[in-house]
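Below is one structure, written out as structure tokens; comments come after it.
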Amino acid sequence: MSRKARRSQKQTEKKTSLSQQAKKQPYVATSAEAGQLSAPFQRRSHLTIEFFFLSLLLIWSFLVSCFPLRNMDIWWHLRTGELILERGTVPYFDWFTFVDFDRSWIDLHWGFQLLVTWLYRWGGVDLLILAKSFCLSLTIGLAWFASGKFVPPWWKALLWILPVICISGRSLVRPEMLSLVYLACWMYVLNRVPSHPKMIWLIPLITLLWVNSHALFVLGLVISVVFVADHLIRVGAQGRFGLEMPSPALSGITLIRVGVLTILACFLNPYLEQGFLFPLTLYEKFSVDQAFYSVRVGEFQPPFDFIKKHGLNNLYLFSQVVLAILTLASFFPVLLKKRVHPFRILLFMAFTHLAWKASRNTGIFSLISGIILCDNVSDWIRLAVPQTSVPETDAGRVPSAETYRLRGRAIIGKGISACVFLFLLASLFSGAWSRWGGEGKVLGLGEQDAWYAHAAAKFAGQPGMPDRAFISNMGQAAVYIFHNGPERKVFFDGRLEVNTKETFQLYEQIKQQMALGMAEWAYFLQDEGGQRPVVILDSRYSRDEIRGLGGNPGWRLVFADQAAAVFLDTETADRLQLPEVDPSPLFHPPGMQVRK
């Protein structure tokens, strides 16, 4: 065989041998190919994990807010909604009192009132509670996607526990529940603007809905001003001082156009410029007149005053303090990485100021703090932890020891987070959560037991009864309005946007005279015909007045149950042939500890 033939034979045998080996060995992808193949599976796995922990958070948020109805204001909101539907107009002057009847009433809540009226007609109190719980879950869901891009889902779920606790403490069927949703929407839009700049055009629409639901629409304007200030600061810094450049997709002319439309939307309410300026009236009550209102209305009391009196034994107040400390501390790791965020710093300062002024601002503070906390933690992770793929060796791409360590930590974190939420859910169903909160908020629907004076209000609304009523506490006046207004009117109720400070002072003076057994106050409240008012006194918070009026020979107890007492002057009681009734049902009202 020639040399050329032998060389050809060897090459043929070599090719055959390589072909056989290739058939025996499986194909091993290159590093790039392996990454491309595994990326969809990694994304799918991440979405599954995020859905799992987000679902746990939202389910718990829904249930923790699902407790029997106990806020008083809902009843005058419902009656106002019914009257708006009947009359085809919103109120411009007071509808429900006989003292301040000529005062203007800026009722920006009319959108909320129509919503709850429809819900109440369809499903009663139970549907109102479910809608309130849904709003809290929706708020937290929007806030989840508005913050913490680089925070692992199990970690982010844990970060949102404190904000949910704080918000649930004031989770009532009030216009605030819509304001929280609007506020979360606002933050979500601003978070998505760098990647989806056209979303900023949703801001005027949110404003239009908000200004016709609640006076807190002004918070959206505050956030927008801070956002624009942050944008200008970043443009001026030109990447210096730890400030990243703003998104080039958002131009100055766009901000101006959106700003003009947002301001115009604020005027698109039934009260025009009066509605736009109405938040200043509310701010005056817990700033200029804070000394007066904070000692008389619990939600106007600064949290620090409550801490000085009672300490941090309240679960919701304790959670608020811890959340404030954690959010403040979360700025420092980011600052150490030489990153400054004026938007978050200014926002935290503004909402901390509101929370410091009045406890009614706990919910909005907690929502903003939760978003800022998640964003700061996200930035710390992004800057401190290398964003690399999972390390693997070249031969078969076997995970390294570091990879196993990171995966182990992730598994432990997921397990801890899942256990925490299972524990929280178990505490709700067992009733332990209600005991820890100390406010009797048990899991359930319906109304709080013997909380509302429905029977007393219906009794006082019978034919022949006086058309005027004096009711204490002022929250129960809303129940009377729901059953009897506006044909029958009250002296004073909880609508502080209508009733003046002077009327409030007179209301307190009358209660003091009533508790002392004096009779002069009644003649001040009688109508043109000399008819004195019916008096309804709450069994929990008006016990001194019940004793004083019960010992007054000119008045007679004509109705009593566990919620309230009804008194009439003896002349009216004799005319209606109403005898004095047994006061014993008033002695032990259920639910809460009574004031002795």
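Because the structure is a prediction, the values reported are computed rather than measured.
The existence of a salt bridge linking D379 and R339 is excluded, since no basic side-chain nitrogen approaches an acidic carboxylate oxygen closer than 4.0 Å. Checked for salt-bridge contact, D493 and R495 meet the test: a charged N lies under 4.0 Å from a carboxylate O.
A donor-acceptor distance shorter than 3.5 angstrom exists from the side chain of S55 to the backbone of F51, with no hydrogens or angles considered. S539 places a side-chain N or O within donor-acceptor distance of the main-chain N or O of A563, the cut-off being under 3.5 Å. At distances below 3.5 Å, at least one donor-acceptor pair connects side-chain atoms of W451 with backbone N or O atoms of R70. In terms of modelled atom types and a separation under 3.5 Å, the side chain of S472 and the main chain of L537 share no donor-acceptor contact. Using a distance-only test at 3.5 Å, with no hydrogens or angles considered, no donor-acceptor pair links the side chain of K149 to the main chain of S378. Checking side-chain atoms of K337 against main-chain N and O of W380 turns up no donor-acceptor pair under 3.5 Å. Under the 3.5 Å distance criterion, the side-chain polar atoms of S171 are left unmatched by any main-chain donor or acceptor of I167. A donor-acceptor pair under 3.5 Å is formed between the side chain of R543 and the backbone N or O of F587. K441 places no side-chain N or O within 3.5 Å of a backbone atom of C66 that could act as its donor or acceptor partner. Checking side-chain atoms of D126 against main-chain N and O of L445 turns up no donor-acceptor pair under 3.5 Å.
Residue F145 places its CZ atom among more than 12 non-hydrogen atoms of other residues, nucleotides or ligands, all under 6.0 Å distant. Counting heavy-atom neighbours within 6.0 Å of F318 CZ, excluding the residue itself, gives a total of 12 or less.
One distance of note links CG of L354 with CD1 of I368; it measures 10.5 Å at 0.5 Å rounding. To the nearest 0.5 Å, atoms CG (L326) and CD1 (I372) are separated by 13.0 Å. How far CG of L158 is from OG of S417: 4.0 Å, rounded to the nearest 0.5 Å. Residue T117 holds its OG1 atom at 9.0 Å from CG of L128, rounded to the nearest 0.5 Å. Annotation: the span from L159 atom CG to N376 atom CG amounts to 10.5 Å, rounded to 0.5 Å. The distance from atom CG of L119 to atom CG of L114, rounded to the nearest 0.5 Å, is 11.0 Å.
Cation-pi contact between K132 and F67: present, with separation from the ring centre below 6.0 Å and deviation from the ring axis of at most 45°. Geometrically, K414 does not engage F52 in a cation-pi contact defined by less than 6.0 Å to the ring centre and at most 45° from the axis.
With L58 as the partner, the side chain to side chain contact (heavy atoms under 4.5 Å, CB included) test is satisfied by one option alone out of L138, L136, I140, L63: I140. Of the residues I364, T327, L347, T352, the one that meets the side chain to side chain contact (heavy atoms under 4.5 Å, CB included) test with S369 is T327.
Counting heavy atoms from C-beta on, the side chains of V377 and K156 never come closer than 4.5 Å. Between I381 and P152, the closest side-chain pair of non-hydrogen atoms falls below 4.5 Å. Side-chain contact check for V258 versus P204: some heavy-atom pair is nearer than 4.5 Å. Between H341 and F331 there is no side-chain heavy-atom pair separated by less than 4.5 Å. Y120 is not listed as a side-chain neighbour of L127, based on a closest heavy-atom distance of 4.5 Å or more. Between I161 and F421 there is a side-chain heavy-atom pair separated by less than 4.5 Å. A 4.5 Å side-chain heavy-atom check between R234 and P342 finds at least one atom pair inside the cut-off.
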- Task: Show the numbers, then the answer: is there a ring pair (Phe, Tyr, Trp, His ring centres under 6.0 Å) between F482 and W75?
- Result: CA-CA 5 Å; F482 175 76; W75 299 108; 4.9 Å; yes
- Message: Assess the residue pair I481 and T80 against the criterion (side chain to side chain contact (heavy atoms under 4.5 Å, CB included)); give the C-alpha distance rounded to whole Å, side-chain angles, the decisive distance to 0.1 Å, and a yes or no.
- Response: CA-CA 9 Å; I481 288 171; T80 304; over 6 Å; no
- Task: I would like to know whether F62 and S133 meet side chain to side chain contact (heavy atoms under 4.5 Å, CB included); could you show each step before the answer?
- Result: CA-CA 5 Å; F62 183 92; S133 299; 3.5 Å; yes
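Under the ring pair (Phe, Tyr, Trp, His ring centres under 6.0 Å) criterion, W436 pairs with F423, not counting sequence neighbours. H214 is linked by a ring pair (Phe, Tyr, Trp, His ring centres under 6.0 Å) to H109, counting only residues two or more places apart in sequence or in another chain.
Taking the six-membered ring for Trp and the full ring otherwise, H454 and Y452 have centroids separated by under 6.0 Å. In this structure, the ring of F217 has its center no less than 6.0 angstrom from the ring center of W210.
Scanning both residues, V211 and L108, for their nearest heavy atoms gives O-CD2, 3.6 Å. Residue D375 comes nearest to A146 through the heavy atom pair OD2-O, 4.1 Å, listed as atom of the first residue, atom of the second, then distance. Across all non-hydrogen atoms, the minimal contact from G446 to I129 is O-CD1, 3.2 Å.
W110 and S213 share no donor-acceptor pair across their side chains, judged by distance under 3.5 Å alone. Checked by atom type, the side-chain pair R174/N71 shows no donor-acceptor distance below 3.5 Å.
Relative orientation of the W433 and W60 rings is perpendicular, given thresholds of 30° and 60° on the angle between their planes.
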